[in-house]
Every structure is written in C-alpha cells, then in structure tokens.
2 protein chains.
Amino acid sequence: MALTEVMAALSDPIRVGLVRLLSDGRERGWGELRAPVAKSTLSHHLRVLRDAGLTRTRQEGTRCFVELRSGDLDARFPGLLAAVLGAAEQEDVGHQVGLAASPAGQRR
Amino acid sequence: MALTEVMAALSDPIRVGLVRLLSDGRERGWGELRAPVAKSTLSHHLRVLRDAGLTRTRQEGTRCFVELRSGDLDARFPGLLAAVLGAAEQEDVGHQVGLAASPAGQRR
DNA sequence: CCCTTCGTTCGATGTTCGTGGAACATCGAA
DNA sequence: TTCGATGTTCCACGAACATCGAACGAAGGG
C-alpha cells in the first residue's frame with residue numbers, strides 16, 4: 001500500500017467515482033456498478049484500485065463483490081479518505097459512476 | 001485546483017519530495033533544490049505542481065522562488081496534506097530530493 | 001558589449017495509461 | 001453436455017507522461 005500508487009489510483013475520475021460509491025462501507029456486486037466505459041476498462045480500473053490496496057475483492061461463484069478498505073486506508077493515511085471524499089463531492093468528481101437499479105442478487 | 005490534478009501531481013516521488021521539502025512553509029530558491037534529474041525535468045515537475053495549485057512561484061530578477069500553498073491546500077482539502085506528508089515520511093518517499101548546502105543568497 | 005547565470009521552452013524518445021474489442025475461463029442452469 | 005452469464009486477460013491504438021540535451025530569452029556583471 002504505497003503512497004504514490006494510492007495517489008495515482010485516485011487521479012482518475014472514474015476510480016474516484018467508484019471509491020465514492022463504495023464509501024458507505026457496503027459491499028457491491030460487480031454487475032451493480034455502472035460506468036460509461038467498456039467492461040474491460042472497468043475491470044482494469046478495479047484492478048488498479050485493488051492493486052493500490054484501496055479495495056478488496058471477494059469471489060462468490062461466478063460473480064464477485066468489491067469493498068472499500070476504509071479501515072486499512074484510514075490507518076495508513078489518516079484523514080486522506082475523508083479529504084478526498086469531501087473534495088470529490090464538492091467537485092462532483094466521478095458523477096458518471098453509479099449503481100444499477102437492481103440491488104445485486106435480484107433476478108431480472 | 002482540481003482533485004484529480006492534485007492527486008496526479010502527488011503520484012510522482014520527486015514531486016512528493018519537493019512538497020516534503022517545502023512543507024516547512026519556507027520559501028526556497030530554485031537553485032537550492034537538488035533532485036537526481038536534469039534541470040529541464042525539474043522545471044517540468046515544478047510546473048506540474050504549480051499548475052495543480054500546490055505551489056506558488058515568485059520571480060525576482062533572474063532567479064525565482066517556490067513556496068508551498070499549505071493554507072489554500074488545507075482549506076480546499078482539509079487533512080490531505082498532513083496525510084500525505086505523514087505517509088511520505090514513513091515510506092521516505094522523495095528522499096532523493098534535497099537542498100543545496102548554500103542557503104540561497106550565498107555567493108559561490 | 002560580451003559573457004555568464006538562471007530557468008523555461010522545444011524537440012525527441014521511450015514508457016505508461018486509458019480505452020475498447022475479442023478471446024478466454026469459470027460457474028450455474030437447462 | 002451445452003448454453004448463457006460473468007469477469008479477466010490479451011492485444012492494439014492514441015494520448016499523456018517522464019526524461020534528457022540543446023536552444024532560447026531575460027537579467028546582471030565584467
């Protein structure tokens with residue numbers, strides 16, 4: 001969990017949007033995530049976040065779930081997450097990232 | 001002073017080192033700065049920091065001085081600078097950046 | 001005037017990054 | 001087993017980036 005990698009991970013609007021989305025501490029399903037990029041690109045962004053140590057991924061059968069590592073993050077960089085979330089809300093960074101209507105496990 | 005630009009500016013070790021160096025609030029002369037890069041590269045890094053709003057540059061005759069905008073930074077992103085400086089110290093990010101022996105105005 | 005100093009700007013180069021499409025692997029369901 | 005859904009991986013492309021050396025322009029000192 002290196003500083004420069006974390007900063008680099010947070011230097012892209014879509015990734016900031018994902019972090020914002022996950023900032024409520026709830027675990028989210030991959031399929032729930034909505035971003036204006038191809039799924040390969042979304043996979044890439046999630047990998048960057050995971051490699052930087054910002055998120056954790058759990059695999060369950062054929063689908064996987066993402067979770068923000070708020071605790072570890074706050075232990076390593078006290079105040080950073082709050083600062084980023086605050087600024088991101090003010091500028092509305094990552095507003096293009098959202099959730100699907102269906103709350104994950106729902107049939108459709 | 002946009003979030004993603006600030007994060008991008010802080011995603012390079014040399015720039016983090018410069019920020020660390022300036023974090024005492026003292027204004028520093030360009031020539032004082034020591035980094036293992038060519039002067040054109042150093043000029044580039046200082047430009048990135050300035051464009052991101054992290055530093056301010058004052059020109060005086062033929063030489064110029066750099067200063068960290070700690071106040072503005074802390075107003076915009078409360079706690080971010082402290083978090084970055086703390087983590088940077090722990091990991092010793094930007095340790096290659098230092099000061100020349102001469103305290104600025106000295107002849108030599 | 002020339003010459004030195006200081007910092008920026010200008011190509012040039014190699015690398016990394018964001019992006020999308022296609023192929024692939026995995027798993028559950030029919 | 002065959003099919004469909006779900007993510008990952010691979011490949012390719014253009015843009016952005018870090019880096020350097022050289023050329024440049026602005027002061028200031030002989």
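The shown structure was predicted, so the numbers you read here are calculated from the model rather than taken from an experiment. Naming: A, B, ... by sequence-line order, numbering from 1 per chain. Keep in mind that the numbers below use all heavy atoms, side chains included, and drop hydrogens, waters and symmetry copies.
- Between A:Thr4 and B:Asp12, every side-chain heavy-atom pair lies at or beyond the 4.5 Å cut-off.
- DNA chain C lies under 4.0 Å from at least one heavy atom of each of the following residues of residues 5-19 of chain A: A:Asp12, A:Arg15.
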N/O donor to acceptor pairs below 3.5 angstrom from side-chain atoms of residues 53-62 of chain B, sequence neighbours left out:
unit_1	atom_1	unit_2	atom_2	d
B:Thr55	OG1	B:Arg50	N	3.4
B:Arg56	NH1	B:Glu67	OE1	3.4
B:Arg56	NH2	B:Asp72	OD2	3.4
B:Thr57	OG1	B:Arg50	NE	3.4
B:Arg58	NE	B:Glu27	OE2	2.9
B:Arg58	NH1	B:Glu60	OE1	2.7
B:Arg58	NH2	B:Glu27	OE1	2.9
B:Arg58	NH2	B:Glu27	OE2	3.4

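- Put simply, CD on B:Glu32 is 19 Å from P on C:dT5, counting in whole angstrom units.
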Can you name the atoms? Protein N/O to nucleotides 8-12 of chain D N/O, anything below 3.5 Å, with the distance.
unit_1	atom_1	unit_2	atom_2	d
D:dT8	OP2	A:Trp30	NE1	2.9
D:dT8	OP2	A:Ser43	OG	2.9
D:dT9	OP2	A:Arg47	NH2	3.0

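- Side-chain contact between B:Val84 and B:Leu10 is present, with at least one heavy-atom pair separated by less than 4.5 Å.
- Counting to the nearest Å, the C1' atom of C:dT26 and the CZ atom of A:Arg58 are 17 Å from each other.
- The distance between atom CZ of B:Arg34 and atom P of C:dG7, rounded to the nearest whole Å, is 10 Å.
- Among the nucleotides D:dT19, D:dG7, C:dG20, the one closest to any side-chain atom of B:Val37 is D:dT19.
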Tell me which donor-acceptor pairs under 3.5 Å the side chains of residues 87-101 of chain B have, and how far apart each pair is, sequence neighbours excluded?
unit_1	atom_1	unit_2	atom_2	d
B:Glu91	OE1	A:Leu3	N	3.2
B:Glu91	OE2	A:Leu3	N	3.1
B:Asp92	OD1	B:Arg20	NH1	3.2

Counting only pairs under 3.5 Å, give me each side-chain donor-acceptor contact of residues 36-48 of chain B, with atom names and distances, residues two or more places apart or in other chains.
unit_1	atom_1	unit_2	atom_2	d
B:His45	ND1	B:Arg15	NH1	3.1
B:Arg47	NH1	B:Asp51	OD2	3.4

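- Atom CZ of B:Arg26 sits in a sparse spot, with 12 or fewer heavy atoms from other residues, nucleotides or ligands closer than 6.0 Å.
- We find that CG of B:Leu33 is positioned 13 Å from P of C:dC6, with the value rounded to whole Å.
- The cluster map of Ile, Leu, Val, Met, Phe, Trp and Tyr, joined by side-chain heavy atoms under 4.5 Å apart, puts A:Phe65 and A:Trp30 in different clusters.
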Dot-bracket, 5' to 3', for DNA chain C please: Watson-Crick or G-U pairs under 3.5 Å, [ ] where pairs cross earlier ones, | where the partner sits on another strand, dots elsewhere.
||||||||||||||||||||||||||||||
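- Whole-Å rounding puts the B:His45 NE2 to C:dG7 P distance at 17 Å.
- Using a 4.5 Å heavy-atom threshold, the side chains of B:Leu81 and B:Leu68 count as touching.
- Summarising the geometry, the separation between CG on A:Asp51 and P on C:dC17 is reported as 11 Å, rounded to the nearest angstrom.
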